[in-house]
Amino acid sequence: MTNNHSEIVVVGGGHNGLVAATYLARAEHQVTILEGRTELGGAVASAEVFRGVAVRLSRFSYLISLLPTLIIEELGLRLELRSRQIRSYTPVDGSGLLIERQDGRLTRDSFRMLTGGEREYQAWAAFQSRLHELAAVIEPTLTQPLPDVDELRSRVHPYLWSSVVERPLGELVESTFADDTVRGLTLTDALIGTFSSAHDPSLRQNRCFLYHVIGNGSGEWKVPVGGMGALTAELVRMAEDAKVSIRTGCRVDMIEPESGSGATLRLADGQTITAETILANCAPATLQRLLGEPYEPPVGSQTKINIVLRRLPQFRSGIEPAIGFAGTLHLGQGYDRLQQAYEDAAAGQIPDPMPCEVYCHTLTDGSILDPELRAAGYHTLTLFGLHTPPDLFAADPHGSKERAKAAALRSLQSVLAEPLEPCLALDRGGEPCIEVMTPLDIEAELGMPGGNIFHGDLAWPWLAQGARATTPAERWGVATGHPGILLCGSGAVRGGAVSGLGGHNAAMAVLEDD
Ligand SMILES: Cc1cc2nc3c(=O)[nH]c(=O)nc-3n(C[C@H](O)[C@H](O)[C@H](O)COP(=O)(O)OP(=O)(O)OC[C@H]3O[C@@H](n4cnc5c(N)ncnc54)[C@H](O)[C@@H]3O)c2cc1C
């Protein structure tokens, strides 16, 4: 190491670390990023996963909703986020529920066919507009100091507030919808990466739901053109332009806080570096480990499967594959099935068939495919399986991963009119292009403790009643209890997901302190 001091050190070069570093370097701070892996971007990454198959898959995260336009514009990112024409398709017994991005005749007819009347559609439409009201109040505060909970509550309809924020989400879902499919579809947003039942008193499912429906004021999930790696490439370009010093393959093994402020960081190769301010882009539990403090690892809950297909398979329901796969395809996500899957997993069994959502990037953006594969009709599928916490894999990582793969593929196969296998692309060695990652794999790949994709349970995006925020770090929701050490990742109060919020808000706290 040439330099053993930096004014600000960012531990981790995930997307949030890059965002924070760029804001601060542009404000004339001297910033160094220390990234343990050889690649930057953390969970925001594209990779050619299968040997000899030229497809840049979004290997971990895949859709973007919570990255505010403000951050894109302030950083000057050249990033295209494309809408999908279809929001979701949920096959049910040879038929299915199709929901357009903007509810129109197709959506209405589909609700009527599935549920036998107008009631569920009307309830759905009213529910969506209430969620937009909530998003309009909360989303603009995400890039501001933490708002006061009473102030926010006063701006939201009391029933909506109490049913999203104070009562287990299951009550809202059950009182709003009668149909099992529509109930399950709604609950899914509460279970992404979150191991919970609809009625969990901790309300972690409510917090997960809230983050999934407020992004940019609409809750729409968009496709990053070029894949997730396109966002990281832009963030790296901006950080380099701003003269951030970036070191990869540089794992921090220990942080020793100085009395007052600042700390000494010990690296895996034995070197040390001192800094006045440390921004932790790693998970809060990782930070505690590095500080030598006791910590409880969080629990992830998902199985991620990346697939390349030679062609899209036909659906049993007869819907065109280009429509059924165009939005988010919900599988095994009826409301009762979700509860059963949760109970199975809590009892130590991999849910089979596994509830999952599937997304085809290449129907909206073919640019991640080599032109020859694109012309030949190749496509990618991303499968995100629910209710698969790390405990299920601990005793027999290999065997249980195979069982999880089979359970997830059974879910997909159950809605197809033909076997999936002949549709799978093969890699150079003749192996089918399927990559499976359990929470244990996510932890090993990305250092996310417990494989938790949000670095821990999501927090309400406001200052709790009676809480006092006296320092800039507390006001911005990035405090750690150590002056001079701030969270700047998914584990910040408003961090979870690909949002840049953890990084933006940590940078704003440092600048406010200036
Ligand atoms: C499989 C999967 C699917 C997901 N899908 C979506 C999605 O579609 N949309 C969405 O919005 N969100 C999604 N998420 C969540 C989202 O990707 C993450 O919450 C977000 O990317 C976290 O960003 P981050 O920069 O805070 O942290 P990370 O991406 O975790 O980056 C932290 C970085 O810190 C580094 N690091 C950790 N410890 C050390 C150390 N000791 N020394 C040096 N470096 C260290 C890591 O190597 C890593 O590069 C998904 C996540 C996963 C894993």
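Start at 1 and go down the list; that is how both ligands and their atoms are numbered.
The option from N281, L501, L231, I453 that lies nearest to atom 24 (P) of ligand 1, judged by heavy atoms, is N281. Here atom 9 (N) of ligand 1 lies nearest to L63 when heavy atoms of V19, L63, V44, T38 are compared. When the heavy-atom distances from atom 48 (C) of ligand 1 to R37, Q302, E35 are ranked, the shortest goes to E35. Of the listed residues (T303, I305, V252), the one carrying the non-hydrogen atom nearest atom 41 (N) of ligand 1 is V252. Taking all heavy atoms of F60, Y62, W221, Y211 into account, the minimum distance to atom 8 (O) of ligand 1 is reached by Y62. Around atom 13 (C) of ligand 1, the closest heavy atom drawn from G17, S61, A20 belongs to S61. When the options A283, C282, G215 are ranked by their closest heavy atom to atom 37 (C) of ligand 1, first place goes to C282.
The aromatic rings of F384 and Y62 sit tilted, their planes meeting at an angle between 30° and 60°. In this pair, F127 and F209 present their aromatic rings tilted. The plane angle is within the 30 to 60° band.
On a distance-only criterion, A497 and ligand 1 share at least one N/O pair closer than 3.5 Å. The shortest N/O to N/O separation between N16 and ligand 1 falls below 3.5 Å. The N/O atoms of H15, backbone and side chain alike, include one that comes under 3.5 Å of an N/O atom in ligand 1.
Distances shorter than 4.0 angstrom do not occur between any heavy atom of G447 and any atom of ligand 1. M228 does not count as a contact of ligand 1, since none of its heavy atoms falls under 4.0 Å from the ligand. Using a 4.0 angstrom heavy-atom cutoff, L446 counts as in contact with ligand 1.
Ion pairing between E35 and R247 fails under the 4.0 Å rule for side-chain N and carboxylate O.
In the model, T194 has no side-chain atom that pairs as donor or acceptor with a side-chain atom of Q205 under 3.5 Å.
By the criterion of a heavy-atom distance under 4.0 Å, the side chain of H455, and not its backbone, is placed next to ligand 1. Heavy atoms of L34 found under 4.0 angstrom from ligand 1 belong exclusively to the backbone. Counting heavy atoms closer than 4.0 Å to ligand 1, residue C250 contributes backbone atoms (N, CA, C, O) but none from C-beta onward.
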I would like to know whether E220 and S83 meet side-chain hydrogen bond (donor to acceptor under 3.5 Å, both in side chains); could you show each step before the answer?
-> CA-CA 8 Å; E220 184 186 352; S83 288; 2.7 Å; yes

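The shortest non-hydrogen separation linking S58 to N306 is O-OD1, 3.8 Å.
By the 6.0 Å and 45° rule, R207 stacks over the aromatic ring of W460.
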